[in-house]
Protein chains: 2
Amino acid sequence: MSPQPNERPGRTIRSVQIAFNIVDLLQEEAGIGVTRIADELGHSKSTVHSHLRTLEERRIIVREGDGYRLGLCFLDVASHVRDQIGNFDIVQKEVDSLAEETGEIVQFGVEEYGKVSYLHKTQGENAVETLSRVGTQQPMYSTSLGKTILAYLPPERIEEIAAAMEYEPKTENTITGPEELFEELETIREQGYGIDDEENINGLRCVSAPVKNDETVLGAISITGPSSRFTKDRLHGELADRVQSAANVIELNTKFS
Amino acid sequence: MSPQPNERPGRTIRSVQIAFNIVDLLQEEAGIGVTRIADELGHSKSTVHSHLRTLEERRIIVREGDGYRLGLCFLDVASHVRDQIGNFDIVQKEVDSLAEETGEIVQFGVEEYGKVSYLHKTQGENAVETLSRVGTQQPMYSTSLGKTILAYLPPERIEEIAAAMEYEPKTENTITGPEELFEELETIREQGYGIDDEENINGLRCVSAPVKNDETVLGAISITGPSSRFTKDRLHGELADRVQSAANVIELNTKFS
DNA sequence: ATAGTTGTTCCCTCCTGGGGAACGTTTCTG
DNA sequence: CAGAAACGTTCCCCAGGAGGGAACAACTAT
């Protein structure tokens with residue numbers, strides 16, 4: 001828990017914190033029971049017990065064997081969340097078809113709390129395996145998705161996010177400071193797409209295009225692949241075109257919803 | 001809130017309940033604020049306020065415009081949940097390929113709290129549109145997925161679920177009572193697959209096959225389509241074969257995990 | 001300008017939720 | 001097989017935390 005600068009004070013409710021600590025714990029490690037949870041969180045067994053009862057009654061968790069796991073209701077919540085962001089069906093369709101056409105990894109991401117979250121991901125036929133998966137968060141400065149979204153956010157929001165940013169060099173190409181970042185954002189705005197030249201993971205390059213609704217960015221769509229197949233020419237040419245037109249299709253379809 | 005017979009007493013924590021009521025509400029209707037939530041749940045604004053603070057600090061909800069929506073962390077939770085159930089990648093791959101082969105709707109479901117929850121769904125090329133979506137719950141007696149899973153659960157669990165069942169006729173073919181249900185389960189066990197002959201939705205038929213791990217059912221996979229294309233012959237022949245072999249593939253791949 | 005709306009903050013009070021310990025039950029283990 | 005260890009469950013107590021009311025501040029709209 002690093003001290004977040006952007007957290008407002010105000011009162012916070014302890015039992016709710018505990019409840020979500022339990023959920024978090026069960027997310028990481030399913031099948032554990034009262035004692036284990038109590039130890040892990042530093043609470044008494046009785047406390048944990050009544051929390052588990054509450055969560056179980058709500059069907060947020062499920063007893064399985066001896067231990068608990070998170071309930072399937074989260075799948076439902078997740079699909080609602082996706083729909084709240086935008087028209088997820090369209091996004092999914094477009095991402096899938098771009099993945100099929102190109103055979104590579106195609107992702108759609110949005111900004112939240114100064115990070116990029118992947119809403120959808122599809123691995124094409126020849127796609128390299130990567131660890132990122134739906135729901136994961138990545139920094140904005142080291143990914144093409146992140147930089148591209150950032151480039152089109154309102155200036156004050158860019159400032160806000162940039163101010164809270166901690167630059168951690170992931171590779172030797174990673175952007176390491178604000179000046180470099182702002183320059184990059186300018187470039188992205190000029191060319192209409194962003195690239196990641198092995199800035200997040202060695203050997204991988206990406207191109208992304210923003211998906212806007214009127215003047216606000218909803219998110220961005222990207223193609224990722226190995227540098228061997230993703231030459232700079234191809235990145236800036238064919239591939240940039242493809243993500244941009246995919247982004248366009250999504251934009252057109254979300255306009256009327 | 002109908003009185004659930006299977007809920008054990010034990011102490012339950014009020015503030016946690018409230019917190020999840022808020023989450024539920026935001027799931028149904030995003031973008032509402034303090035006052036609205038307070039009205040809806042019958043709490044004071046100050047109470048709701050501190051809850052929102054807590055949830056926001058945890059990044060479970062996000063302020064957007066004036067109002068809140070659920071955070072993207074739920075996507076992450078959902079993907080963890082899916083992985084906890086079984087090897088989701090395999091399931092997804094198999095469902096997708098079966099959907100592509102047949103062009104119809106293919107789904108994978110598991111049992112939880114006496115209902116079927118859909119873990120994954122893919123619409124093939126010619127698939128009819130249905131409303132069911134991932135995370136949704138359906139009764140077990142009126143769906144082929146439900147009946148098939150039920151058939152292979154341990155006898156005591158079958159009893160338990162059957163005892164709590166309330167038969168609501170969805171169409172004129174819906175199973176309406178335990179005798180009929182148990183007969184059907186026996187048939188399913190004999191033939192190794194289950195069908196739904198317009199029992200849940202008029203005009204739709206399904207076939208499902210169980211996915212087992214040793215002797216325990218993990219879930220079931222099903223194909224759904226319009227009765228016009230899904231003749232009884234095809235259901236019991238070609239289509240039954242296809243779901244069964246898909247189920248087999250999943251079984252073989254999950255054996256070693 | 002003003003009335004109505006929203007979100008926020010302050011307090012007070014009661015009751016709720018957390019902790020300790022004791023109790024049943026199951027699982028090791030020697 | 002008996003004793004011990006570990007687990008989940010229950011009971012009770014009491015402090016402090018959570019919910020509510022009301023006042024305040026910031027907007028919006030008329």
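When reading the values below, keep in mind they use all heavy atoms of this one structure, side chains included, and skip hydrogens, waters and symmetry mates.
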Item to check | Partners passing salt bridge (charged side-chain N to carboxylate O under 4.0 Å, His left out) against A:Glu159 (at least two apart in sequence or in another chain) | outcome: none
Checklist entry - Roughly, in whole Å, what's the span from CD in B:Glu40 to P in C:dT6? => result 13 Å
Item to check | Separation of C:dT8 C1' from B:Tyr68 OH (nearest whole Å) | outcome: 10 Å
Checklist entry - Can you tell me if the side-chain N/O atoms of B:Arg36 get under 4.0 Å from OP1 or OP2 in C:dG7? => result no
Next on the checklist: Tell me the interatomic distance from B:His49, atom NE2, to C:dC10, atom C1', rounded to whole angstroms.
Outcome noted: 12 Å
Next on the checklist: Any salt bridge linking A:Asp83 with B:Arg133? Criterion: basic side-chain nitrogen under 4.0 Å from a carboxylate oxygen.
Outcome noted: yes
Next on the checklist: Classify the ring geometry of A:Phe88 against A:His120: parallel below 30°, tilted from 30° to 60°, perpendicular beyond 60°.
Outcome noted: perpendicular
Checklist entry - Is the distance between the ring centroids of A:Tyr167 and A:Tyr141 less than 6.0 Å? => result yes
Item to check | Results of ring pair (Phe, Tyr, Trp, His ring centres under 6.0 Å) for B:Phe20 - residues two or more places apart only | outcome: A:Phe20
Checklist entry - Within the pair B:Thr35 and C:dG7, is there a side-chain N or O less than 4.0 Å away from OP1 or OP2? => result yes
Checklist entry - Separation of A:Ile37 atom CD1 from D:dC7 atom P, in whole Å? => result 12 Å
Next on the checklist: Suppose we screen for salt bridge (charged side-chain N to carboxylate O under 4.0 Å, His left out). Which residues come up paired with B:Arg69, at least two apart in sequence or across chains?
Outcome noted: A:Glu112, B:Glu64
Item to check | Protein-nucleotide distance (A:Ile22, atom CD1; D:dG8, atom P), rounded to Å | outcome: 13 Å
Checklist entry - To the nearest angstrom, how far is A:Glu56 atom CD from D:dT9 atom C1'? => result 13 Å
Checklist entry - How long is the line joining CD1 of B:Ile61 and P of C:dG7, in whole Å? => result 12 Å
Item to check | Value in whole Å for how far the P atom of C:dT5 lies from CG of B:Asp39 | outcome: 11 Å
Item to check | Angle between terminal axes - the helix from C:dA1-D:dT30 to C:dG30-D:dC1, 5 pairs each end, rounded to 10° | outcome: 40°
Checklist outcome for this item: Of all heavy-atom pairs linking B:Lys170 and B:Pro139, the shortest is CE-CG, 3.8 Å
Checklist entry - Any ion pair linking B:Glu111 and B:Lys115 (charged N to carboxylate O, less than 4.0 Å)? => result no
Checklist entry - Who pairs with B:Asp89 by salt bridge (charged side-chain N to carboxylate O under 4.0 Å, His left out), at least two apart in sequence or on another chain? => result none
Checklist entry - How does each nucleotide of nucleotides 17-30 of chain D score, in 5' to 3' order, for protein heavy atoms under 4.0 Å: base (B), sugar-phosphate only (S), or none (-)? => result -BBBB---------
